[in-house]
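See structure below.
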Amino acid sequence: MRILLINHYAGSPEMGMEFRPYYFAREWIKMGHQVDIIAADYSHLRTGNPEVEADFETEDIDGIRYHWIKTGKYEGNGAKRALTMFRFVGKLWAKAGKIAKECKPDVVITSSTYPLDTYAGQRIAKRAKAKLIHEVHDMWPATLIELGGMSKYHPFIVMIQMAEDSAYRHSDHVVSLPPLAKDYMIKHGMRPEKFAAISNGIVKEDWENPMPLPEEHKKILEKLKAEGKFVVGYFGGHALSNALDVLLDAAKKTTEKEVQFVLVGSGVEKEQLRKRKEEEKIGNVLFLPPVPKKAVPELLKFFDCSYIGSKQSTLYQRFGVCLNKMYDSMMAAKSVLFAVDTRSSPIEEYRCGIMAGAGQEEDIAKGIRCLLSMSEEERREMGERGKKAVLEQYTFDVLAKRFAELFE
């Protein structure tokens, strides 16, 4: 089949996030399908962006045909970013006929974080007589209202809500990363039989042939292990949503001398967190720069447990969780300290970690002490349960086959 995937922020292993479109496309090509991805020339998620002279320039990346749309650069989440969204979907809408004619898709997948791309996707699918699948990464506009503090009457929110409802009504299938979003989507116009929860996962090849750790990280982490430290590790973005300030609070309450907190990554909150560490003399916390995605397997070898946290929010409770670092931690067979409020999660389901309350530093510190009190064998068994679950259900080859069933 010919598959057209529309994702404003689609990247690749070389360019950086987001990776999901690339990994699915690569698996579908292995199955014999042809895949075109339409994406913007600039994304804040990528570490590198393509140099594009004109709209719809084409580039072949590992057999996937990327078509780049010029949208302009932006910083943060203000008006400039919104403007790039309108440019992206506006140019898609204007060229819908040409896209349908040249790509000849059998399946159109609208997959940008925001749902505005559904209108262009519907137009392309209609002209190509193709099946339309809408993929939901984040619950927009609910996320903007509940985490961003925007009013549901704000014109931008009203526009997003109309697009979301249209996507649920007019798509043949709705693929959701948040696993518990079905009831919400039904209330907004989706027929129940359209729903399919397909999570993120891991790429087995990345774990079979990992990239070496940067020498700086390797030297420091080897020293910590030689000293017998119990490493509570975090890797990923240093943003408010990850509740790293609460992890620092928990570190202050952790008096066991063998416990060392290691935070690996970058983000807007990192400088403030480093400042807190110095001013409050939190001696058991160490910050390290980010590592390439393909080096994460080597990084996780040095962790005794992996911390995953979030701010207190009703979003995870309502819609569930689908976090990349969760599957990476499970694949590494590491016990997970999971401080996210949700009705269900793989961590709880497969008994591969300790649950703690989001934003509750006492609870997080208690969870660390609980893991510390376990034998190495008990923690190993906990981690192996998570790895077994990932290999059976959360690898991209398995997930891509589940997704491809919707093409028929």
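Numbers here simply count residues along the sequence, with the first being 1. Every heavy atom of this structure was used, including side-chain atoms; hydrogens, water molecules and symmetry mates were not.
Residue S199 comes nearest to Y394 through the heavy atom pair OG-CD2, 3.2 Å, listed as atom of the first residue, atom of the second, then distance. Closest approach of P290 and S266 over heavy atoms only: CG-OG, 3.9 Å. The shortest heavy-atom contact between A356 and L337 is CB-CD1, 4.4 Å. Among all heavy-atom pairs drawn from P13 and K294, the shortest one is CB-CE, 4.2 Å. Nearest heavy atoms, E222 versus F302: CG-CE2, 3.7 Å.
Of the possible polar contacts, none joining the R379 side chain to the D304 backbone as a donor-acceptor pair under 3.5 Å is found. Between the side chain of D341 and the backbone N or O of A358, at least one donor-acceptor pair lies under 3.5 Å. Remark: side-chain polar atoms of W28 are paired, donor with acceptor, to backbone N or O of A400 under 3.5 angstrom. Side chain of R380 to backbone of K334: no donor-acceptor contact under 3.5 angstrom is found. Not one N or O on the side chain of T254 forms a donor-acceptor pair closer than 3.5 Å with the backbone of E256. A donor-acceptor contact shorter than 3.5 Å links the side chain of K104 to the backbone of K101. Looking only at distances, a side-chain donor or acceptor of R402 sits under 3.5 Å from a matching main-chain atom of A197. The backbone N or O of I308 sits nowhere less than 3.5 Å from a side-chain atom of N242 that would complete a donor-acceptor pair. With hydrogens and angles ignored, the 3.5 Å screen pairs a side-chain donor or acceptor of T342 with a backbone N or O of Y316. K277 places a side-chain N or O within 3.5 Å of a backbone atom of V285 that can act as its donor or acceptor partner.
Between the side chains of N7 and E18, at least one donor N or O sits under 3.5 Å from an acceptor N or O. The closest side-chain donor-acceptor pair between H8 and Y114 falls under 3.5 angstrom. No donor-acceptor contact under 3.5 angstrom links the side chains of H217 and E215, judged on distance only. Between the side chains of T314 and E146, at least one donor-acceptor pair of N or O atoms lies under 3.5 Å. In summary, the side chains of D62 and Y22 do present a donor paired with an acceptor at a separation below 3.5 Å, with no hydrogens or angles considered. With 3.5 Å as the limit, one finds no donor-acceptor pair spanning the side chains of T84 and T71.
The shortest side-chain heavy-atom distance between L213 and L221 falls under the 4.5 Å cut-off. Looking only at side-chain heavy atoms (C-beta outward), E269 and L244 stay at 4.5 Å or farther from each other. Counting heavy atoms from C-beta on, the side chains of R20 and I198 come closer than 4.5 Å. In this structure the side chain of E378 never reaches within 4.5 angstrom of the side chain of M382, judged on heavy atoms. Side chains of M211 and E298 form no contact here, defined as non-hydrogen atoms less than 4.5 Å apart. Between I160 and L116, the closest side-chain pair of non-hydrogen atoms falls below 4.5 Å. Residues H238 and L273 form a side-chain contact, since some pair of their non-hydrogen atoms from C-beta on lies under 4.5 Å apart. Side-chain contact between E361 and L248: absent, with no pair of heavy atoms (C-beta onward) separated by less than 4.5 Å.
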Report task. Carefully, step by step, assess T395 and W207 under the rule side-chain contact (heavy atoms from CB on, under 4.5 Å). Result -> CA-CA 11 Å; T395 61; W207 291 81; over 6 Å; no
Query - From CA spacing to verdict: side-chain contact (heavy atoms from CB on, under 4.5 Å), M159, F86 - result: CA-CA 11 Å; M159 185 186 306; F86 296 135; 3.5 Å; yes
Report task. Walk me through it: do Q34 and M1 pass the test side-chain contact (heavy atoms from CB on, under 4.5 Å)? Result -> CA-CA 6 Å; Q34 176 182 302; M1 286 190 172; over 6 Å; no
**Report entry** Intermediate values then yes/no, salt bridge (charged side-chain N to carboxylate O under 4.0 Å, His left out), E362 and K253
**Finding:** CA-CA 7 Å; E362 290 280 5; K253 295 180 179 296; 3.4 Å; yes
Report task. Using the salt bridge (charged side-chain N to carboxylate O under 4.0 Å, His left out) rule, take R2 and D106 through it: C-alpha gap first, then chi angles, then the decisive distance, then the call. Result -> CA-CA 5 Å; R2 294 173 180 263; D106 300 298; 5.4 Å; no
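Looking at R276 and D249, a side-chain N of the basic residue comes within less than 4.0 Å of a carboxylate O on the acidic one, giving a salt bridge. With salt bridges taken as basic N to acidic carboxylate O contacts below 4.0 Å, one links R65 and D36.
In this pair, F396 and F24 present their aromatic rings perpendicular. The plane angle is above 60°, beyond the 30 to 60° band.
The six-membered or imidazole ring of F56 lies away from that of H67, with a centre-to-centre distance of 6.0 Å or more. Aromatic rings of H173 and F195 (six-membered ring for Trp) have centroids beyond the 6.0 Å cut-off, not under it. Residues Y42 and Y74 place their aromatic rings such that the two centres sit under 6.0 Å apart.
We find the CD-OG1 distance between E135 and T118 to be 13.0 Å, quoted to the nearest 0.5 Å. Rounding to the nearest 0.5 angstrom, the gap separating the NZ atom in K301 from the NZ atom in K218 is 9.5 Å. The line from CZ of R26 to OG of S12 is 11.0 Å long, rounded to the nearest 0.5 Å. Atom OH of Y9 and atom OG of S111 lie 12.0 Å apart (nearest 0.5 Å). Here the CD atom belonging to E381 is positioned 10.5 Å from the CE atom belonging to M374, to the nearest 0.5 angstrom. Here the straight-line distance linking atom OG of S306 with atom CZ of F235 works out to 5.0 Å at 0.5 Å rounding.
Open room surrounds CZ on R191; 12 or fewer heavy atoms of other groups in view lie less than 6.0 Å from it. Residue-environment remark: CD (E51) stays at or below the threshold of 12 foreign heavy atoms within 6.0 Å. In the displayed structure, K270 atom NZ is contacted under 6.0 Å by more than 12 heavy atoms of other residues, nucleotides or ligands. Other residues, nucleotides and ligands contribute over 12 non-hydrogen atoms within 6.0 Å of the CE atom of M150. Annotation for E53: atom CD does not count as buried by contact number, only 12 or fewer foreign heavy atoms lying within 6.0 Å. More than 12 heavy atoms of other shown residues, nucleotides or ligands fall within 6.0 angstrom of atom NZ in K30. Counted within 6.0 Å of NZ on K95, heavy atoms from surrounding residues, nucleotides or ligands total 12 or fewer; the atom is thus considered open. The environment of CD in E75 is sparse: at most 12 heavy-atom neighbours from other residues, nucleotides or ligands sit within 6.0 Å.
Evaluation of the side-chain hydrogen bond (donor to acceptor under 3.5 Å, both in side chains) test over residues 154-166, restricted to residues two or more places apart or in two chains, returns Q122-S166, Q161-E164, Q161-D165, Q161-H188, E164-Y168, E164-Y184, D165-H188.
Partners of E59 under the side-chain contact (heavy atoms from CB on, under 4.5 Å) rule, at least two apart in sequence or in another chain, are P50, I61, W68.
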In a table with atom names and distances, give each donor-acceptor pair under 3.5 Å that connects a side chain of residues 126-134 to protein atoms at least two apart or in another chain.
{"unit_1": "K131", "atom_1": "NZ", "unit_2": "L406", "atom_2": "O", "d": "3.3"}
{"unit_1": "K131", "atom_1": "NZ", "unit_2": "E408", "atom_2": "O", "d": "2.4"}
{"unit_1": "H134", "atom_1": "ND1", "unit_2": "T110", "atom_2": "OG1", "d": "2.8"}

